[in-house]
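Let me begin by presenting the structure, written as structure tokens, before commenting on it.
For ligands, and for the atoms within them, numbers begin at 1 and follow the listed sequence. Residues: numbered from 1 along the sequence shown.
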Amino acid sequence: MIQVVATIAEIRERIGQARRMDKRIGFVPTMGYLHAGHLSLVEAARRCSDIVVMSIFVNPLQFGPQEDFSRYPRDFERDRALAESAGVDLLFAPTVEEMYPQKILTTVSVAQVAEPLCGRSRPGHFEGVATVVAKLFHIIQPDFAFFGQKDAQQLAVIQRMVQDLSIPVTIVPCPIVREADGLAMSSRNVYLSAEERKQATVLYRSLERAKHLLAAGERRAAVIRKELKQMIEAEPLAVIDYVEVVHYPSMREATELNKGDQVLVALAVKFGRTRLIDNLISTIQ
Ligand code: PAF
């Protein structure tokens, strides 16, 4: 049965017990409102860990003042049941006061990798993410931690933080999980109206177009960006935040793509007040 823990002292105690029995700890950090994407992370965690720990914490540090922290969807009972049926052993669900009992003065910021794309559109976002993830890593001390590739820049930021700070955890990237029509699973999809939801499939359709262009030998990043922008702009409710082609995981802007390059084609598009992201990671052949 799943055990729900709300304090840092208690989760440390439980994890200490597991460690003394030489158990491998797999960790799935989330902000809750779980969907099949999160559950696929749990499944991956179960494959290589003895104990699966999930955190549910809507982290105020990673939301800007005009963003959706207060209206971010929350349903703890539903999440608890889903986590339990997916095979989570320990659910760490602290309050904001437990995580940040005083104004936080120590933060983690990852230069360069965190600066373009979402870092540009959401100032302070990745500092909030890196800080909470570093804090959670210190609390849980997992052997493995699982992150979805939908947040490809977040994944690059965390991988770089773990390398730079020698945090003893193996980061396991997990593939994007999609709805039947291609829309990437996201807790924020519930905000979409029926019409926005329909038009939002343009993100996936344009990434498929990018895949096709790359497979057909297109090597000019500007051409890919332009085609994708045109496709997205054809949807009347879509407002582009960015359409980017960058080297991955450095996040350096790409111009001409060369054999062996790993590139990230990344999109952020708003439908009404809902901002969606999606991406494609590809190695140039
Ligand atoms: O990807 C998320 O849900 C969050 O950014 C994370 C990693 C749980 C940190 O709050």
Within-4.5 Å side-chain heavy-atom neighbours: Y242 and L267: no

Shortest non-hydrogen pair, T131 vs T106, comes out as CG2-O, 3.9 Å

Looking only at protein heavy atoms, identify the closest one to atom 3 (O) of ligand 1 and say how far it is in Å. M31 CG, 3.6 Å

Do the charged groups of E115 and R120 touch, with an N to O distance under 4.0 Å? no

Using distance alone, determine whether Q62 and ligand 1 share an N or O pair under 3.5 Å. yes

For V132, take its heavy atoms, then give the atoms of ligand 1 lying under 4.0 Å from any of them. 9 (C), 10 (O)

Is it true that the side chains of D68 and Y191 contain a donor and an acceptor less than 3.5 Å apart? yes

Give me the residue, atom name and distance of the protein heavy atom closest to atom 1 (O) of ligand 1. Q154 NE2, 2.9 Å

Under 4.0 Å from a heavy atom of T30: which atoms of ligand 1 are those, numbered in the order shown and with their elements? 8 (C)

Would you say the side-chain atoms of Y100 and N59 include a donor-acceptor pair closer than 3.5 Å? yes

